[in-house]
Amino acid sequence: MSKLRFRVVETAFKKRALEVTVPKERPSEYFAKYVFNKEKMFRYLPSKVYAKLIDVIDNGAPLDRSIADEVAAGMKKWAIEMGATHYTHWFHPLTEGTAEKHDAFVEHDGKGGMMEEFTGKLLVQQEPDASSFPNGGIRNTFEARGYSAWDPSSPAFIVDDTLCIPTIFVAYTGESLDYKAPLLKALRAVDKAAVEVCHYFDPEVKKVFAYLGWEQEYFLVDEGLYAARPDLLMTGRTLTGHDSAKNQQLEDHYFGAIPPRVAAFMKDLEIEALKLGIPVKTRHNEVAPNQFELAPIFEECNLAVDHNMLIMGLMRKIARNHGFRVLLHEKPFKGVNGSGKHNNWSLGTDTGVLLHAPGKTPEENLRFITFVVNTLMAVYRHNGLLKASISSATNAHRLGANEAPPAIISSFLGKQLSQVLDHIEESTTDELIALSGKQGMKLDIPQIPELMIDNTDRNRTSPFAFTGNRFEFRAVGSEANCASAMIALNAALAEQLAEFKQEVDALIEKGEPKITAILDVIRKYIKICKPIHFDGNGYSDEWKAEAARRGLDCETSVPVIFDNYLKAESVAMFEKTGVMTHKELEARNEVKWEMYTKKIQIEARVLGDLAMNHIIPVATQYQSELIDNVYKMKELFPAEKAAKLSAKNLELIEEIADRTAFIKEHVDAMIEARKVANKIESEREKAIAYHDTIVPAMEEIRYHIDKLELIVDNQMWTLPKYRELLFIR
Ligand code: ADP
Ligand code: MG
């Protein structure tokens, strides 16, 4: 059996950089080739229909179903010209992937032949037989209808032979069963609330966009080695494996030269991504060996989320063409960095950016401060919820490890911005007005011009860092759908901005001048949300203690963290903003708990199998060889000398016996613990049981397996080791 391992290692080493077919055109020429974007809409739609559709896309005008037939006809024409034969509604169910069911364009033509058909009805709405998507009990199977409905704000695209239409997915009774529906609602809510606040500064503002620029981290592993690791195959991470002697301690991988075979994969991926309209821009080696990153230019949030889902699928596919498997798991390897997905988030209006300083006028500076402070308030009030939005069984391995943000949400502001906030907090309105030049109405804070915020002022330990013109939410998991974090953040800010407006309006009604009123409320907020502001070392133990004193959510058990979604203030926030109802939140939490349990359950089973089918047999086989050797020594040498010569082997024999016994006992106990947990009715309690009993048992079993890896004959060991998985590229 060990032959397999050596064969795969050998083949992996032999693989050469694969050729990439680089298109003759420039990227700007093939960009969005497979996307039904505005340019194609203009070409393929009647001008009236085009104008109406653009109004829907740009201004959120209600979709007039009467144009659907003509849009469908145009889309079909384009898609067929591009060689598509099928279409699908593409949606994001509450799993971590996307879902699609392909239908061919063909229909009977009534004359014994076939024709290509695609109507407005099929474009706008479909009813996928989706009873087996997670729904948290919202749909009993007897009323298992679910509808997917076209999202015109994200353009249709072609993958292979299929026209993909981005859609939301809702239950017969109207509840969201996906990520996109609540995301669109949250974006709508923040748009509405932010526009009203913008009107204090600029009455011309019509729309506020939330932007997202994700940075996707991932690992690549040779496909042969991957296939020889049942844990990678089944769970996406290694459940056993001792550190390799060298891993990332020399920091020689980060930003290093990209290995040729990897570079070929990246080029190929980028070409395909660009054709799908994903504006990929940055690629580099990450900190851990075999870890890399890809980042596009930021986009409007809904589109960015779709593009991230799309790119994860694309990565999986293209990696295979290069003899790799891509690992998107947050922690595929113990002891080296895990992977995250930094979510760079900002707001902008139809007339300019919002989280950028200094502005051209004092009003712009005050507007900047207003949005920064309200963001901090939202993050402070909902810090537990934001943590819940990025929590998962898989991300739990990364957060709080010594390389990723801790499982506590706080915000890094940097020296300059901190000084500005301190200054505002300490100053009185009069002083501020005295600082200003014109009519006593304009705010002019001397520090603000300096605020051309220094990008070098970085703090990698912060989960929510201000980085010049945006906040970077770094706690998001590499495998997650960005929508989860974006729903919570944008909805929380929408609620916060609406309250800010109410407070300011109340003061204005009492006769305070507008700017004074805004400053008064901001000053109050700066004081309230202080606990969320932390510029220090987020990895330190002192911070954990300090955060608890500040009242920040410090819970580390993922199933318990999910409770944040059902806290009164979260439910109120989601209901007020119209993003999710109590019922939806309850249902989604059921899904989260169930998902958590299932992930751990699968891991525990795989680990049990590995222990029984790989580790114990191999260790015992090696042990038998040692025993054999001890007996033979006795035959060769006098008893005393034989005993002396066999002392080390006897130690090894004992160690193997002890460790294999421990492993066997604990695997049995773990199976029993699963049986107990599986009997628990409540999904929440069951997930907690898995967290409290199964996860620690797996750690203990692993510890002994990893120790065995160090002493058992390398020739016999069946599983590719970390040094092979991490360094063959
Ligand atoms: P880092 O130095 O943190 O790796 P990059 O320069 O690679 O940052 O950019 C990270 C991401 O942030 C990119 O996707 C980029 O487009 C995005 N980004 C830049 N400015 C903004 C902004 N104002 N709003 C949202 N995302 C942004
Ligand atoms: Mg970054």
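When a ligand or atom number is given, it counts from 1 through the structure's own listing order. Computed from a predicted structure; not experimentally measured. Only heavy atoms go into these numbers, but all of them, side chains included; no hydrogens, no water, no symmetry mates.
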Colleague: Hey, what's the ring geometry for H397 with H329, parallel, tilted or perpendicular (30° and 60° as the breaks)?
Modeller: tilted
Colleague: So if I apply the side chain to side chain donor-acceptor pair (under 3.5 Å) rule between H92 and each of T98, D178, D306, which one comes out positive?
Modeller: D306
Colleague: Just heavy atoms, cut-off under 4.0 Å: does I297 contact ligand 1 by side chain, backbone, both, or neither?
Modeller: backbone
Colleague: Is K207 close enough and on-axis enough to F209, meaning under 6.0 Å and within 45°, for cation-pi?
Modeller: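 Checked: cation-pi criterion met.
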Colleague: Out of curiosity, N343 CG to F298 CZ, how far, rounded to the nearest 0.5 Å?
Modeller: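 CZ of F298 is found 14.0 Å from CG of N343.
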Colleague: Decide whether a cation-pi geometry holds between R367 and Y200; the criteria are a distance under 6.0 Å from NZ or CZ to the six-membered ring centre and an angle within 45° of the ring axis.
Modeller: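 No, R367 and Y200 do not form such a contact.
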Colleague: Of all the atoms in ligand 1, which lie at a distance below 4.0 Å from a heavy atom belonging to N469?
Modeller: 20 (N), 23 (N)
Colleague: Under a 4.0 angstrom heavy-atom cut-off, which atoms of ligand 1 come close to P296?
Modeller: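 Here the atoms of ligand 1 in question are 13 (C), 14 (O), 15 (C), 16 (O).
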Colleague: Please state which part of K281 comes within less than 4.0 Å of ligand 1, counting heavy atoms only: side chain, backbone, both or neither.
Modeller: neither
Colleague: Classify the ring geometry of F169 against F91: parallel below 30°, tilted from 30° to 60°, perpendicular beyond 60°.
Modeller: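 Because their plane-to-plane angle lies in the 30° to 60° range, the rings of F169 and F91 count as tilted.
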Colleague: May I ask whether E472 has any heavy atom positioned less than 4.0 angstrom from an atom of ligand 1?
Modeller: yes
Colleague: Which is it for E215 and ligand 1 at heavy atoms under 4.0 Å: side chain, backbone, both or neither?
Modeller: side chain
Colleague: Just checking, any donor-acceptor pair under 3.5 angstrom between side chains of H342 and E472?
Modeller: yes
Colleague: Between the candidates H342, R470, E293, which shows the shortest non-hydrogen contact distance to atom 8 (O) of ligand 1?
Modeller: R470
Colleague: I'd like to check whether N344 has a polar contact with ligand 1, where a contact means an N/O of the residue lying under 3.5 Å from an N/O of the ligand.
Modeller: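 Between N344 and ligand 1, an N or O pair is found under 3.5 Å apart.
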Colleague: Please indicate whether any nitrogen or oxygen in S346 is less than 3.5 Å from any nitrogen or oxygen in ligand 1.
Modeller: yes
Colleague: Atom 26 (N) of ligand 1: which of F209, F298, Y211, F471 has the nearest heavy atom?
Modeller: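 Looking at heavy atoms only, F298 sits closest to atom 26 (N) of ligand 1.
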Colleague: N/O of A295 under 3.5 Å from N/O of ligand 1, yes or no?
Modeller: no
Colleague: Indicate yes or no: at least one non-hydrogen side-chain atom of F157 is less than 4.5 angstrom from one of F36.
Modeller: no
